[in-house]
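Chain A is the first sequence line, chain B the second, and so forth, proteins listed ahead of strands; every chain is numbered from 1.
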2 protein chains.
Amino acid sequence: MARKYIDNPNACSLVHTMNIIGNKWKPIILYLLSNGSMRFGMLNALIPTISKKVLTNQLKELENDGLLLRQSFAEIPPRVEYSLTEKAVGLLPVLRMLSDWANEAYPEMDFEQCRIIENGKASVQQRV
Amino acid sequence: MARKYIDNPNACSLVHTMNIIGNKWKPIILYLLSNGSMRFGMLNALIPTISKKVLTNQLKELENDGLLLRQSFAEIPPRVEYSLTEKAVGLLPVLRMLSDWANEAYPEMDFEQCRIIENGKASVQQRV
DNA sequence: AATAGTGGTAACCAAAAAGTAACTAATGGC
DNA sequence: GCCATTAGTTACTTTTTGGTTACCACTATT
């Protein structure tokens, strides 16, 4: 095996973007925060099938990559608010385009609700 | 746990898009095919760190989701050409925006090459 | 007769990601 | 004294993903 790297700046920044947001949960988290900050528990309620462990982990990674701001208030019971950074706001129009693309490319799909099936994968109804 | 689904059409189509292209290799594959069709071996050479098994698998999934066309020629040795469908072409500007976003959001990164480190994760140099 | 070349597949194994259930701290209300 | 509340953490298990090696078909070349 010769090369040990991908030798193309555009592919490369794309790889980097997908390393940061290219998974099941992160785009939804960013999307849900697009109208303002939200508490941990609220995010967990709006994405009912994510486990607390994984949500915590995704939020931590997004924070480390500079996409989320985490504000913890010294109250009892605790309150933690998550909000988007400027970096993340710059990503919102692109997320919007990704969602528009799905609506156009898969008109037979019904995107009113994503049912979450047993193994945790999101699945979408066929339109009848 | 109450709801078993995500109750938001926009989040939902976004989830669907990420189910289709939201992983390490698929965006690169689509990007590399943006200038025309390419053979299996060429793709494998341009993404030197993907294993044949995984490449085969990703190509199959992309074909099933209607993003790739696979043409197999009855020659010896075999020749198989992969190319983008219309659906996939519609995604290219969005992929472009994702890569532009990384360049803007992480100016300290050097996207000339993605080095691939031991565990297969792509990593990018810091600019010095 | 052996080898190269292409696009795979099969069996097997390792690593990463994700799920589950129980537990914590600190306070207010009953 | 007991329970509820919130945002987690911990330990453990399961699922998913990815990697490795060997192998195949079929022909041309050496």
**Study point:** Steps toward salt bridge (Lys or Arg N to Asp or Glu O under 4.0 Å) verdict (B:Lys26, B:Glu61)
**Key:** CA-CA 9 Å; B:Lys26 287 178 184 173; B:Glu61 288 181 16; 2.6 Å; yes
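- Distance NZ (B:Lys53) to P (D:dT20): 10 Å, rounded to an integer number of Å.
- Near-neighbour residues of DNA chain C inside residues 54-81 of chain A, defined by a heavy atom below 4.0 Å, number-ordered: A:Val54, A:Gln58, A:Ile76.
- Summarising the geometry, the separation between CH2 on B:Trp25 and P on D:dG18 is reported as 9 Å, rounded to the nearest angstrom.
- Just one of B:Leu62, B:Ile47, B:Asn57 meets the side chain to side chain contact (heavy atoms under 4.5 Å, CB included) condition when paired with B:Trp25; it is B:Ile47.
- Here C:dT6 presents its C1' atom at 12 Å from OH of B:Tyr82, a figure rounded to the nearest Å.
- Minimum heavy-atom separation, B:Asn8 to B:Asn10: OD1-N, 3.0 Å.
- The two residues B:Leu30 and B:Ala88 come nearest to each other via the heavy atoms CD2-CB, 4.3 Å.
- Atom NZ of B:Lys52 and atom P of C:dT6 are 10 Å apart (whole Å).
- By the neighbour-count criterion of 12 heavy atoms within 6.0 Å, atom CD of B:Glu75 is densely surrounded, having more than that number from other residues, nucleotides or ligands.
- Contacts between residues 35-43 of chain B and DNA chain C, counted as heavy-atom distances below 4.0 Å, involve B:Arg39, B:Phe40, B:Gly41.
- Rounding to whole angstrom units, CD1 of residue B:Ile47 and P of D:dG19 are separated by 12 Å.
- Residue A:Asn44 contributes atom CG, which lies 11 Å from atom P of D:dT6 at whole-angstrom precision.
- The aromatic rings of B:His16 and A:Tyr106 sit perpendicular, their planes meeting at an angle over 60°, well past the 30° parallel limit.
- Straight-line distance from the NZ atom of B:Lys24 to the P atom of D:dT17: 12 Å, rounded to whole Å.
- Under 4.0 Å is where a charged nitrogen must lie from a carboxylate oxygen, and between A:Glu81 and A:Arg70 no such pair does.
- A:Ile28 has its side chain within reach of B:Ile6: a pair of non-hydrogen atoms, C-beta onward, lies under 4.5 Å apart.
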